[in-house]
Amino acid sequence: MFSRRWGFGWDSYSEVDLFTDRYDSSAETLSQAIRAAASEEPDADGSVPFGHLQGTVVGLRFYTGVVNQGEMVGLVRQPQNPYDRNAVMVSNIYGNQVGHIKRELAAAMAHVMDNNLAKVEGVVHSGTKNSFTMPVMLSFWGQEENKNAVMESMSRRGFKLNSGASKATGASQNSYTQGQGARAYSSKKGLTTALSAEELKNAFDNLFDGLMESKDGEKQAAESVGTPLMPHQKVALSWMCARENKSTLPPFWEKRGELYYNTLTCFSAKEIPEIIRGGILADDMGLGKTLTTIALILTNFHKGKPLPVEICKERSSPFKAKTQPDMASKLEGSSAGDEAAGSLCSDLPQVEVIDSEEVVVKSEKSTSKGKRKATKRQPSKGAEAPVLLEDLGFAAALGGSAADSATKKKKTGKKAAPTLSEESFIADSAEDLSARPTLIICPLSVISNWLDQFEQHVRADVKLNVYLYYGPERNRNKNFLSSQDVVITTYNVLSADFGNKSPLHAINWLRVVLDEGHVVRNPNAQISKAVLDLTAQRRWILSGTPIQNSVKDLWMLLAFLRLKPFDAKEWWNRVIQRPVTQGDRAGLQNLQTLVKCITLRRTKSSEKDGRPLVSLPEKTVSVEQVELSQTEREEYELARNEGRNTIGRYVAEGTVLRNYADVLAILMRLRQHCCHPDLLAKTSSDLGAAATPAELRERLIEKLRSVLASGSDEECSVCLESVRLPVITHCAHVYCRPCIAQVISSEQENARCPLCRTEIKANELVEFPQEKMEEEKCANPDKWRTSSKVQALMGNLLRLRCEDSSIKCLVISQFTRFLTILETPLREQGFSFVRLDGSMSQKKRTQVIQEFQSSAADGPSIMLLSLKAGGVGLNLTAASHVFLMDPAWNPATEEQCIDRCHRLGQTRRVVVTKFLVKDSVEETMVKIQKQKQELVDKAFGSTNTDKKTSRIDDIKALMEL
DNA sequence: ACCGCCGGGTGCC
DNA sequence: ACCGCCGGGTGCC
C-alpha cells in the first residue's frame with residue numbers, strides 16, 4: 001500500500017542536521033528552521049485558498065526522509081543553498097528532508113514565498129513510483145489581497161494555478177489540507193458542511209467539557225502520601241500514571257502491520273513515534289490538582305514504582321548519610337559496580353507496609369512479627385533500619401546520584417537493566433532512568449500553596465527533598481538541584497535564568513509540571529521559550545481553565561507536551577488551527593480528538609457513578625431569634641429614638657452624606673447594643689465643643705473607635721472599599737490614610753473633607769494610637785457582664801459539648817471586641833478556644849489554624865473568628881458548626897465565612913446558626929441583605945454615586961424612616 | 001530513470 | 001548530414 005524507500009537512516013527522525021552535512025552555513029536543525037520560518041508569518045486564520053498546482057520533488061535519493069501516499073509535506077525556502085538561491089526544500093512531518101522542488105518551479109515559488117505573498121503547502125498523493133522524483137500537489141494560501149499578485153507571478157514563470165476545482169467541493173479542499181487519510185476519515189463521518197460561527201464557538205467552549213473518561217480505574221497512592229485520596233483523585237492518579245508509564249500511541253497514530261501510521265498526516269514510520277508522557281490535568285479548582293500531582297510524584301517514580309523515600313523517625317538517619325552515596329559510587333564503577341548493585345538488590349531488606357500507620361522492615365532472614373515491632377522502635381539499628389519505603393534494589397539501580405555525567409547516566413541505566421523486570425525494560429529501552437527530580441513551575445502567588453500542600457499531604461515521617469528555587473540566594477548548583485525530589489520555582493525565575501547559564505535548563509528532569517499552565521500563552525514571550533526549552537521525560541500542565549480565548553492558546557500547551565507534529569507551528573496551523581477557524585468539521589473533530597487524548601477534566605458538577613464528584617455534606621442554616629432583656633431593650637429603644645431623630649433630621653436637611661460618619665456611628669451603636677452593651681463607646685459619642693486640643697484628640701479617637709468598632713466593614717468614602725489604615729479628620733469623618741492623603745496633596749491648601757467640605761489639613765489627621773489598641777485588648781475581666789446574645793451562644797455551645805464533645809465551632813463576629821468579650825464566659829466554662837482576627841501576623845494565623853485543624857484530643861474546640869479575617873483561602877474544615885453573632889451588610893461576606901468550613905474536606909454535616917435580635921436594626925439589615933441579593937443578579941457595575949445613594953436608602957430603611 | 005537530456009556515432013532501401 | 005536516428009552515459013538544489 002505504501003512504498004518505502006531507504007529503510008535505513010531512521011534511528012532518529014526528529015532532528016536531522018541538514019545544513020551542516022552538505023555545506024557549512026548554520027548549525028540550525030531543520031525543525032528549528034521550520035519553526036523560525038513559521039513564527040515570522042502571520043497567523044493562518046485569515047488565509048484563503050489561491051489554488052493548487054502539480055509539482056515535482058527531485059533529489060529523493062540524496063535524503064533519508066520518507067513520505068507515503070497521501071502524506072503532507074513541508075516546503076521550506078533555502079536561500080543559502082549554494083547551488084540555487086531559489087531552492088525550496090521538501091520535508092516530511094518530522095522535519096526530515098525528502099528532496100527539493102524542481103528548479104524552475106522553485107524559482108517561481110521562491111518569489112512568492114520570500115515576499116510573503118502566499119504560504120505553500122504540499123501533499124504527496126501518489127506516493128513514489130521510483131527513487132528519484134515524485135509528484136507533489138502544492139496548494140497556495142494567503143491573504144485575499146495577494147491572490148492576484150501570486151497568480152500572476154506564478155503564471156509569468158509558466159505555472160498556472162488551478163483554483164476552480166478546489167473550491168468546487170469542501171471535501172476535495174480538505175484533501176489538500178489534511179491528506180487522503182483524513183479525507184476518508186471525515187467523509188466517513190459525513191462531516192462535509194462547514195460549521196457556522198455559532199456552532200464553532202459552542203463546540204469550542206465545550207472543547208474541554210466531559211473529558212473525564214478514564215479507563216484506567218482508580219489507583220491507590222503510595223504509602224508516603226499521608227492524605228487519603230478521594231475517588232476522583234484516585235482516578236486522576238491512575239490516569240496520570242498510565243499516561244506516564246503506558247506506551248500508548250499518541251493521538252492519530254495506529255499500528256499497521258510493521259509500521260506506525262499517522263491517520264491525520266498519513267505519515268508512517270517503522271519506529272514507534274515518541275510517546276507523549278504527560279498531558280493536561282484540567283480539573284476545576286478545588287478538586288485537588290495539587291494533591292493529585294503530589295501523589296503522582298510519590299507514587300510513580302519509574303514504571304509504577306513509588307519514589308524511594310527515606311523514613312526518618314529520628315532526626316539523624318544513618319542510611320542517608322552513609323549508604324546512599326556509597327551505592328551511587330558503586331554504580332558509577334565498571335563491572336565491579338554491577339555486582340555490587342546486584343548484591344545490594346538481593347541482600348538489602350525489603351520494606352513492607354503493614355498498614356497505613358506502621359512501616360516496618362521485612363528481611364529475608366527474619367520476618368517474625370516481634371522482630372518487626374522491634375525494628376520499628378529502633379530504626380537506627382544497622383541494615384534493619386526502616387529507611388526506604390520501596391524496593392531498595394530498584395532504587396539503587398536507578399542511582400539518584402546527581403554527579404553522574406551524561407555518559408555515566410546512560411551507563412548506569414543500561415547496567416541497571418538486569419535488575420529491572422523484563423517487561424518494563426522492553427517497553428522502551430531509550431528511557432533515561434537516571435532522572436529523579438520533578439520541576440514544578442508556578443506563579444509566585446501559589447508557591448506557598450505548594451509548600452503547604454507538600455507539608456500537609458506527605459507523611460510527616462517521610463523525608464522528601466523539596467527545594468524552593470527562588471530568591472537571590474537560590475542554589476544554582478546543578479548537582480544539588482538534580483539530587484532533589486522536587487524543585488519548585490516560578491515562571492519569572494525560570495525565564496530570568498533562561499539564556500543565562502540556567503541550571504534548570506541543564507538538568508534532565510524526570511518530570512516538569514506547569515501549574516496554572518494557561519498563563520503561558522504567548523508563544524513569543526520569553527517565558528514560553530524558557531518553558532519549551534526544558535529537558536524532561538514527562539511533562540504535565542495543570543490548569544483549571546486551559547483555554548482562555550481561542551484555539552491559538554492550545555498551541556503552546558501542545559508544543560510544551562511535544563505532541564508532534566503540532567509542536568511546529570506550521571503543522572499546527574495547517575492541520576488544526578486553520579481548518580477549525582474556517583469552520584471545518586473534520587478539523588474541529590481532530591482538535592476534539594487531540595484534546596481528549598491528552599486531557600482529564602472534571603468540574604465541580606461532574607458526576608461519578610451517578611453521584612456528584614465532590615459531594616459536600618449537607619449544610620443547614622437557621623436563624624435563632626434573641627430576645628433582649630428588659631434593661632437591654634430599654635437602652636436600645638433609647639438609643640434608637642435618639643438616632644432616629646438625628647438621622648431623620650439629616651434626611652430632611654439632605655445632609656446625610658455630610659454627616660455620614662455620624663450616621664454610621666449611630667447605626668453602629670444600635671448594632672452594638674444588639675450584641676453587648678460593653679461594645680459601646682464608654683463616653684459620649686457626641687463631639688460637642690472640645691475645650692483643649694488634647695480633649696479634641698481624645699474625643700476623635702473615641703469616635704474613631706466607635707466607627708471602626710473593631711473590624712466592621714465600614715467603607716472609605718474615597719475608595720469605597722473597606723477602610724485601610726483608618727484616620728479620622730477633625731470633622732470626624734473616617735478614611736483610609738492613603739486615600740485622604742492623596743485628596744489633601746492634590747488640593748493643597750484648599751483641601752476639603754470629601755463628605756462635609758470642611759477644610760482639612762494633613763497634620764490634623766488622627767489615627768488610633770497603638771497604646772489604646774493594647775488597652776482595648778485587655779478589657780477588664782472584673783467588670784464583665786453578660787448579654788442576651790452571649791447567653792444564646794453559650795447555651796448552644798454547652799448543649800453541643802454535651803451532645804458530642806468532638807464537634808468544633810466557629811464563632812464569627814464583625815466586632816473583634818465582641819470576640820474579646822466572649823473569651824470570658826468561654827474560659828469560665830472551660831472551653832478550649834483559639835482566636836483569629838485581622839490584627840494577627842501571617843505567621844500567627846497559620847499557627848492558630850494549624851492548632852485548630854489538628855485532631856488532638858485536647859485541641860481547641862472553638863475558634864473566635866472576626867468576619868473579615870475569615871475571607872477567602874482559609875481552610876477550617878475541622879469546624880462543623882458556625883455561629884454568626886451579628887449580621888453583615890454584605891451577605892456574601894457571611895457566605896464566604898461559612899464556606900471556610902463547608903468546603904472540600906468537610907466530613908460532617910454543617911450547621912449554621914445566625915443570631916438575630918428580635919425587633920431590631922439587625923432584622924432590618926437582613927431584609928436589606930435579601931433585597932440586595934436579588935439586585936446583585938440584575939445590576940452589575942454601579943457607579944460610586946449609585947453606591948452612596950443606595951446606602952442612604954439602606955439607612956432610611958434601617959431607621960424606619 | 002521502464003524517463004528526459006546530452007552528445008558522439010553514424011547514415012538509402 | 002548545416003539533418004534524423006540510434007544507443008550509451010547520465011541524473012537535485
Side-chain angles (χ1 to χ4, degrees), chain A residues 1-10 12-13 15-38 40-41 52-140 150 153-161 267 568 570:
Chain A
M1 182 162 173
F2 346 96
S3 55
R4 266 189 67 85
R5 303 168 293 105
W6 314 108
F8 51 87
W10 268 83
S12 157
Y13 45 65
E15 308 255 312
V16 170
D17 198 341
L18 105 121
F19 293 104
T20 46
D21 106 300
R22 291 296 294 250
Y23 48 91
D24 252 344
S25 71
S26 151
E28 262 191 326
T29 62
L30 183 56
S31 60
Q32 278 171 335
I34 292 176
R35 234 179 264 172
E40 280 160 24
E41 280 171 42
H52 53 267
L53 171 71
Q54 174 93 23
T56 309
V57 186
V58 294
L60 302 186
R61 67 179 149 144
F62 299 101
Y63 308 98
T64 55
V66 195
V67 259
N68 305 291
Q69 219 172 65
E71 185 173 330
M72 305 197 304
V73 291
L75 301 161
V76 182
R77 276 282 291 120
Q78 246 178 13
Q80 300 301 319
N81 190 304
Y83 303 95
D84 181 1
R85 57 188 181 83
N86 290 325
V88 175
M89 181 194 74
V90 179
S91 72
N92 68 17
I93 301 255
Y94 280 101
N96 289 45
Q97 180 161 8
V98 174
H100 280 102
I101 291 293
K102 216 167 146 47
R103 193 178 207 108
E104 298 77 9
L105 178 53
M109 286 167 63
H111 177 255
V112 166
M113 292 169 84
D114 292 349
N115 292 300
N116 249 329
L117 296 173
K119 228 167 134 52
V120 190
E121 298 176 352
V123 178
V124 177
H125 287 293
S126 52
T128 45
K129 288 191 224 65
N130 59 55
S131 46
F132 303 94
T133 66
M134 64 182 171
V136 59
M137 186 53 79
L138 302 170
S139 39
F140 290 65
V150 170
S153 168
M154 291 305 289
S155 79
R156 211 174 327 131
R157 289 168 176 79
F159 298 98
K160 207 159 185 293
L161 286 188
F267 181 79
E570 176 180 338

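Note on naming: letters A, B, ... go to the chains in the order of the sequence lines (proteins, then strands), and numbering restarts at 1 for each one.
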What side-chain donor-acceptor pairs closer than 3.5 Å can you find for residues 101-110 of chain A, not counting sequence neighbours?
from: R103(A); atom 1: NH2; to: Y83(A); atom 2: O; distance (Å): 2.9

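How far CG of L53(A) is from CE of M154(A): 5.5 Å, rounded to the nearest 0.5 Å. F140(A) contributes atom CZ, which lies 8.5 Å from atom CG of L75(A) (distance to the nearest 0.5 angstrom).
Atom CG of N81(A) is separated from atom C1' of dC12(C) by 9 Å (rounded to the nearest Å). Separating the CZ atom of R103(A) from the P atom of dG11(C) is a distance of 15 Å, rounded to the nearest angstrom. Put simply, NE2 on H100(A) is 15 Å from C1' on dG11(C), counting in whole angstrom units. In this structure, CG of D84(A) is placed 16 Å from C1' of dG11(C), rounded to the nearest angstrom. Spacing between atom CD of E104(A) and atom P of dC5(B) amounts to 11 Å, rounded to whole angstrom units. Remark: C1' of dC13(C) and CG of L60(A) are 12 Å apart, rounded to the nearest angstrom. The separation between F62(A) atom CZ and dT10(C) atom C1' is 12 Å, rounded to whole Å. Put simply, CZ on F132(A) is 12 Å from C1' on dC2(B), counting in whole angstrom units.
Using Watson-Crick or G-U wobble geometry with both donor-acceptor distances under 3.5 Å, dG11(B) finds its partner in dC3(C).
Partner of H100(A) under the side-chain contact (heavy atoms from CB on, under 4.5 Å) criterion, out of N81(A), V88(A), V90(A): N81(A) alone.
Residue-nucleotide stacking is not present for Y83(A) and dC12(C), judged by a side-chain ring centre under 5.5 Å from the six-membered base ring centre and planes under 30° apart.
On the P atoms, dC5(C) is 23 Å away from dG9(C), given to the nearest whole Å. Remark: the separation of the C1' atoms in dC6(B) and dA1(B) is 15 Å, to the nearest Å. Taking the P atom of each, dC3(C) and dG8(C) are spaced 25 Å apart, rounded to whole Å.
Scanning for side chain to side chain donor-acceptor pair (under 3.5 Å) contacts around D114(A) gives R77(A), with sequence neighbours left out.
Side-chain nitrogen and oxygen atoms of R61(A) include none within less than 4.0 Å of the OP1 or OP2 phosphate oxygen of dG11(C).
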